[in-house]
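Atom set for the values below is all heavy atoms of this structure, side chains included, hydrogens, waters and symmetry mates excluded. All figures in this text were calculated on a predicted structure; none of them were measured in a lab.
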Amino acid sequence: MKKQSPMLRLWELGEKEHGRLICAVLSACIGVLAGMLPYFAAARIIIALISGTTDIMFYIQWCLLGLAGYILRDTLYARALSLSHNATFTILKDIRSRILAKLPQMPLGTIIDTSSGQLKQIIVDQVESMERPLAHLLPEMTSNILGPVCIFIYLFMLDWRMALLSLVSLPLGMILMSFAMAGYGKKYEGSVKTTQRMNAAIVEYIGGIEVIKAFNQGDKSYARFADSVKANASYFYNWMKSCQISVSSAKSVLPTTLITILPAGWLLYRGGSLSMDTFITVIVLSLGIVGPLLAAMDFVDSLARVGTIVENVDFILKGEEQTHGMNPVTFSDTDIHVKDVSFGYHEREEVLHNVTLDIPAGTMAAFVGPSGSGKSTIAKLIAGFWDVKKGTISLGGHDLKDIPLNQLYSQVAFVSQDNYLFDETVRENIRMGRTDASDAEVEAVAKAAGCDRFIRSLENGYDTIVGGGGAHLSGGERQRIAIARAMLKDAPVVILDEATAYIDPENEAVIQKAVANLVKGKTVIVIAHRLSTITDADQIFLIQNGRVAQSGTHDGLLDESLLYREMWEAHIGAKDGAEK
């Protein structure tokens, strides 16, 4: 299938504003044509002076016409830019709205696995970079090409020989410019990547400053940060240096139209085949060919960037969507059935292979196994983070794909070790579990989660701002608020992915009690490396290499599974060592 032109795709994205963009282009084109009037006026005045015309009104009329051309050009140019910018900012707003509307339709797992920095760059930076192609390239480049074309046609009508001679410098200049533009698209893409690496290094350096200081790694970490900045600067420096000679040469050669027109025109005039009036007109008008073309060439880099910009924006706009039923379903229970599920994401091969398991309603199931075995992936599939293409997953007798996404998400409370808190108050972060909850309900659930006391000890209690990502709180405090939020949601299915990972020993009993309150009467899935926390599970599924290797109770697996027994002994040994 033929790949769509980036400019055509950009034009599609601005479909609602085609009218204003077309008016902007027309205004700019008429303005450029009006800008040619001073050249005609200058030619007529020079011819009149040479022929000895002394009529002052003749000169006044042509001067006024030239002035009118300048005024009309500037007025229409301003009008064109006003129209194009109003249309462009409306388009950018619409694109961002479409992106934000599209994100909830995409697999949640894909969103989570895409860095916030990359999403920010697309939604803010890449969309913003569309402003130049839409607001400037369309009206200005189009009009600046049209003007020289109209002049050439007029010159061709006056004398085809002189018209062709006026273009001699253009092919040579364009050839020189083509050397600079060779591979521009790939070089620009490379610049985006090296800038992303620099930004990542900056974020890493700033985010890890505490660890850097604690382990006295300032010199080494700063060197890595500095190297990424230097690499970014070096990339752009070398790129610009490689283009310098060809661009300078092209811009020196392009304006030299007179180098052929003057000698050739003089010979034709002396030979009697070219009139003085035509010769002078050609000389003056030829000076108006290159200026607009050079202005148009300034947009070539924007044109080359459009491909990368559109591709990044379409990463979201044309991203895969989750297709679920639209009509709410009725749940008779919360039985979970996973049958013959194979799954892979991104460009990776399958990470799960023919996984089959059943979790009856109201029971507790645990997923254990080596790191990278697929435990979290199975849990996230059950939670609806992705849709499966091979096999089926059902909840309460309904295939997940038949359950509307909003209804599916309302059935599951997912608590991980990296729960995000918004830069809001503690109260509002807990209320995210159920936005219509009263203040009394929020505080009651905080008490049940064992975090009421520490919340009230904060500077402003429940109205304390927690900072971006909960930066003003400790890891354990963030986790307890996340558990409170999940309790407030009161979903019938609870998934705990290493939910107590950041809890310090002195608060572990409090958190375990909070978790017990959270999962009471629910269908529970626990992912844990600390096997001592899941010994009472109704079922334990041992996941290995993306498959269910074995399942059973804790005692049963100790007798039947060598891998489980080794994991248990390693855990008990580590726990005893820590206690000592």
Visitor: Among all residues two or more places apart in sequence or in another chain, which pass the side chain to side chain donor-acceptor pair (under 3.5 Å) test with Glu320?
Guide: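 Applying side chain to side chain donor-acceptor pair (under 3.5 Å) to Glu320 gives Lys389.
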Visitor: Minimum heavy-atom separation for Leu381 and Leu400, please, with both atom names.
Guide: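 Smallest heavy-atom distance, with atoms named: O-CD1, 3.4 Å.
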Visitor: Kindly compute the distance separating CG (Leu33) from SG (Cys150), expressed to the nearest 0.5 Å.
Guide: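 With rounding to 0.5 Å, CG (Leu33) is 4.5 Å from SG (Cys150).
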Visitor: Can you find a pair of side-chain heavy atoms, one from Leu92 and one from Phe89, that are under 4.5 Å apart?
Guide: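 Yes - at least one pair of side-chain heavy atoms lies under 4.5 Å apart.
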Visitor: For the atom pair CD1 (Ile71) and CG (Leu76), what is the distance rounded to the nearest 0.5 Å?
Guide: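 Answer rounded to 0.5 Å: 11.5 Å.
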Visitor: Sequence neighbours left out, what pairs pass salt bridge (Lys or Arg N to Asp or Glu O under 4.0 Å) with at least one residue falling in residues 8-18?
Guide: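 Of all non-adjacent pairs touching residues 8-18, those that pass salt bridge (Lys or Arg N to Asp or Glu O under 4.0 Å) are Arg9-Glu12, Arg9-Asp314, Lys16-Asp94, Glu17-Arg20.
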Visitor: Would the distance check show the side chain of Lys102 and the main-chain N or O of Ile316 forming a donor-acceptor pair, the cut-off being under 3.5 Å?
Guide: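 Flag set: sc Lys102 to bb Ile316 pair under 3.5 Å.
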Visitor: Looking at every non-hydrogen atom in both residues, tell me the closest pair between Phe279 and Leu262 and how far apart they are.
Guide: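 Phe279 and Leu262 have their closest heavy atoms at CZ-O, 3.8 Å.
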Visitor: Of all residues at least two apart in sequence or in a different chain, which pass the side-chain contact (heavy atoms from CB on, under 4.5 Å) check with Asp387?
Guide: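 So Asp387 forms a side-chain contact (heavy atoms from CB on, under 4.5 Å) with Gln322, His324, Lys401.
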Visitor: What I want to check is whether the side chains of Thr278 and Ser275 have a donor and an acceptor closer together than 3.5 Å.
Guide: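 A pair is found: one side chain offers a donor N or O, the other an acceptor, under 3.5 Å apart.
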Visitor: Can you name the residues that form a side-chain contact (heavy atoms from CB on, under 4.5 Å) with Val412, not counting sequence neighbours?
Guide: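 With sequence neighbours excluded, Val412 shows a side-chain contact (heavy atoms from CB on, under 4.5 Å) to Ala383, Val493, Ile495, given in chain and number order.
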Visitor: Please name the pair of heavy atoms, one in Ala80 and one in Ala24, separated by the smallest distance, quoted to 0.1 Å.
Guide: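 Residues Ala80 and Ala24, closest heavy atoms: CB-O, 3.2 Å.
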Visitor: Can you tell me how far the CE atom of Met326 sits from the CG atom of Asn406, to the nearest 0.5 Å?
Guide: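 With rounding to 0.5 Å, CE (Met326) is 9.0 Å from CG (Asn406).
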Visitor: Which residues pass the side-chain contact (heavy atoms from CB on, under 4.5 Å) test with Ser248, not counting sequence neighbours?
Guide: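 Once residues adjacent in sequence are excluded, the partners of Ser248 under the side-chain contact (heavy atoms from CB on, under 4.5 Å) criterion are Gln244.
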Visitor: With sequence neighbours excluded, give me every side-chain hydrogen bond (donor to acceptor under 3.5 Å, both in side chains) pair touching residues 47-57.
Guide: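 For residues 47-57: Ser51-Thr53.
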Visitor: I need the Glu428 CD to Ile430 CD1 distance, nearest 0.5 Å.
Guide: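 The CD1 atom of Ile430 is 10.0 Å from CD of Glu428, to the nearest 0.5 Å.
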Visitor: Determine whether Leu83 and Ser27 make a side-chain contact, defined as any pair of heavy atoms from C-beta on separated by less than 4.5 Å.
Guide: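 Yes, close enough: below the 4.5 Å cut-off.
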Visitor: Please report the C-alpha distance between Leu21 and Ile91 in whole Å, then the side-chain angles of each, then the deciding distance to 0.1 Å, and finally whether the side-chain contact (heavy atoms from CB on, under 4.5 Å) criterion is met.
Guide: CA-CA 11 Å; Leu21 288 175; Ile91 292 169; 3.9 Å; yes
Visitor: Nearest 0.5 Å, what's the CD-CD1 distance between Gln105 and Ile111?
Guide: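 Result: 10.5 Å between the selected atoms.
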Visitor: Taking side chain to side chain donor-acceptor pair (under 3.5 Å) as the test, write out the residues that go with Thr425, two or more places apart.
Guide: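 Partners of Thr425 by the side chain to side chain donor-acceptor pair (under 3.5 Å) criterion come out as none, since no residue qualifies.
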Visitor: Does any N or O in the side chain of Thr435 come within less than 3.5 Å of the main-chain N or O of Met432, such that one atom is a donor and the other an acceptor?
Guide: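 No.
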Visitor: Under the criterion side-chain contact (heavy atoms from CB on, under 4.5 Å), I'd like the reasoning laid out for Leu146 against Val32: C-alpha separation, chi angles, the key distance, then a yes or no.
Guide: CA-CA 8 Å; Leu146 177 64; Val32 169; 6.0 Å; no
Visitor: Are side-chain heavy atoms of Tyr154 and Met36 found at a separation under 4.5 Å?
Guide: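 Side-chain contact under 4.5 Å: no.
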Visitor: Test side-chain contact (heavy atoms from CB on, under 4.5 Å) on Leu134 and Leu10; report intermediate values, then the result.
Guide: CA-CA 8 Å; Leu134 282 169; Leu10 191 61; 4.0 Å; yes
Visitor: Please check if atom CZ in Phe236 has more than 12 non-hydrogen atoms from other residues, nucleotides or ligands closer than 6.0 Å.
Guide: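 Yes, because the 6.0 Å sphere around CZ of Phe236 holds more than 12 heavy atoms from other groups.
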Visitor: Scan the side chains in residues 40-48 for donor-acceptor partners under 3.5 Å anywhere in the protein, sequence neighbours excluded, and list what turns up.
Guide:
none

Visitor: Looking at Arg431 and Asp439, is any side-chain nitrogen of the basic one under 4.0 Å from a carboxylate oxygen of the acidic one?
Guide: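 A salt bridge links Asp439 with Arg431.
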Visitor: May I have all residue pairs that pass salt bridge (Lys or Arg N to Asp or Glu O under 4.0 Å) and include part of residues 144-164, sequence neighbours excluded?
Guide: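 Qualifying pairs: Asp159-Arg161.
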Visitor: Can you give each donor-acceptor pair under 3.5 Å made by side-chain atoms of residues 162-175, sequence neighbours left out, with the distance rounded to 0.1 Å?
Guide:
unit_1, atom_1, unit_2, atom_2, d
Ser166, OG, Ala163, O, 2.5
Ser169, OG, Leu254, O, 3.1

Visitor: Among residues at least two apart in sequence or on other chains, which ones pass side-chain contact (heavy atoms from CB on, under 4.5 Å) with Ser242?
Guide: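 Ser242: side-chain contact (heavy atoms from CB on, under 4.5 Å) contacts with Lys187, Trp239.
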Visitor: Is a side-chain donor or acceptor of Asn238 paired with a backbone partner of Ser234 at a separation under 3.5 angstrom?
Guide: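 Pair found, side chain donor or acceptor close to backbone of Ser234.
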Visitor: Kindly indicate whether the side chain of Leu103, heavy atoms from C-beta on, has any atom under 4.5 Å from the side chain of Ile123.
Guide: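 Leu103 vs Ile123: side chains touch.
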Visitor: Is there a side-chain contact between Met198 and Thr194, using heavy atoms and a 4.5 Å cut-off?
Guide: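 Heavy-atom side-chain distance check fails, nothing below 4.5 Å.
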Visitor: Where is the tightest heavy-atom contact between Pro38 and Gly66, given as atom of each residue plus distance?
Guide: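 Residues Pro38 and Gly66, closest heavy atoms: CG-O, 3.4 Å.
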Visitor: Less than 4.5 Å apart, side chain to side chain, heavy atoms only: is that true for Leu473 and Thr464?
Guide: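 A side-chain contact is absent here, since even the closest heavy-atom pair is not under 4.5 Å.
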Visitor: Would the number of heavy atoms belonging to other residues, nucleotides or ligands and lying under 6.0 Å from CD1 of Ile50 be above 12?
Guide: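 For Ile50, atom CD1 is crowded (more than 12 foreign heavy atoms under 6.0 Å).
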Visitor: Closer than 3.5 angstrom, by distance alone: can the side chain of Arg427 be matched with the main-chain N or O of Val442 as a donor-acceptor pair?
Guide: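 Not a single qualifying donor-acceptor pair exists.
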Visitor: Quick one: are Arg98 and Leu13 in side-chain contact, heavy atoms under 4.5 Å?
Guide: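 SC-SC contact between Arg98 and Leu13 confirmed.
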Visitor: Take Tyr59 and Leu49 through the side-chain contact (heavy atoms from CB on, under 4.5 Å) test and state the conclusion after the steps.
Guide: CA-CA 9 Å; Tyr59 295 106; Leu49 288 171; 3.4 Å; yes
Visitor: Look at the aromatic rings of His136 and His85 and report parallel, tilted or perpendicular, splitting at 30° and 60°.
Guide: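 The arrangement is perpendicular - the two ring planes meet at more than 60°.
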Visitor: Which residue pairs pass the side-chain hydrogen bond (donor to acceptor under 3.5 Å, both in side chains) test when at least one of the two sits in residues 64-84, sequence neighbours left out?
Guide: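 Every pair satisfying side-chain hydrogen bond (donor to acceptor under 3.5 Å, both in side chains) with a residue in residues 64-84: Tyr77-Glu140.
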Visitor: Look at the side chain of Asn429 and the backbone N and O of Phe422, then say whether any donor-acceptor pair between them is shorter than 3.5 Å.
Guide: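 Confirmed, Asn429 side chain pairs with Phe422 backbone.
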Visitor: Rounded to the nearest 0.5 Å, how far apart are OH of Tyr39 and OG1 of Thr281?
Guide: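 The OG1 atom of Thr281 is 14.5 Å from OH of Tyr39, to the nearest 0.5 Å.
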Visitor: Is the number of heavy atoms from other residues, nucleotides or ligands within 6.0 Å of OH (Tyr235) greater than 12?
Guide: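 Yes, OH of Tyr235 has more than 12 neighbouring heavy atoms, counting only those of other groups under 6.0 Å.
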Visitor: Please name the pair of heavy atoms, one in Ala34 and one in Leu72, separated by the smallest distance, quoted to 0.1 Å.
Guide: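 Result for this residue pair: CB-CD2, 3.6 Å.
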Visitor: Using the side chain to side chain contact (heavy atoms under 4.5 Å, CB included) rule, pick out the option among Val306, Val313, Thr88 that qualifies with Met130.
Guide: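 Going through the options one by one, the only one that passes is Val313.
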Visitor: Would you find more than 12 non-hydrogen atoms of other residues, nucleotides or ligands less than 6.0 Å from Ile259 atom CD1?
Guide: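 Not buried by this count: 12 neighbours or fewer within 6.0 Å.
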Visitor: Between Thr90 and Asn86, do the side chains contain a donor N or O and an acceptor N or O under 3.5 Å apart?
Guide: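 No - no donor-acceptor pair under 3.5 Å links their side chains.
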Visitor: For the rings on Tyr409 and Phe414, is their centre-to-centre separation under 6.0 Å?
Guide: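 Tyr409 vs Phe414: aromatic centres not under 6.0 Å.
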Visitor: Tell me if the NZ atom of Lys318 is crowded by more than 12 foreign heavy atoms within 6.0 Å.
Guide: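 For Lys318, atom NZ is crowded (more than 12 foreign heavy atoms under 6.0 Å).
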Visitor: Of all heavy-atom pairs between Cys243 and Ser246, which one has the smallest distance, and what is that distance?
Guide: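 The answer is O-OG, 3.1 Å.
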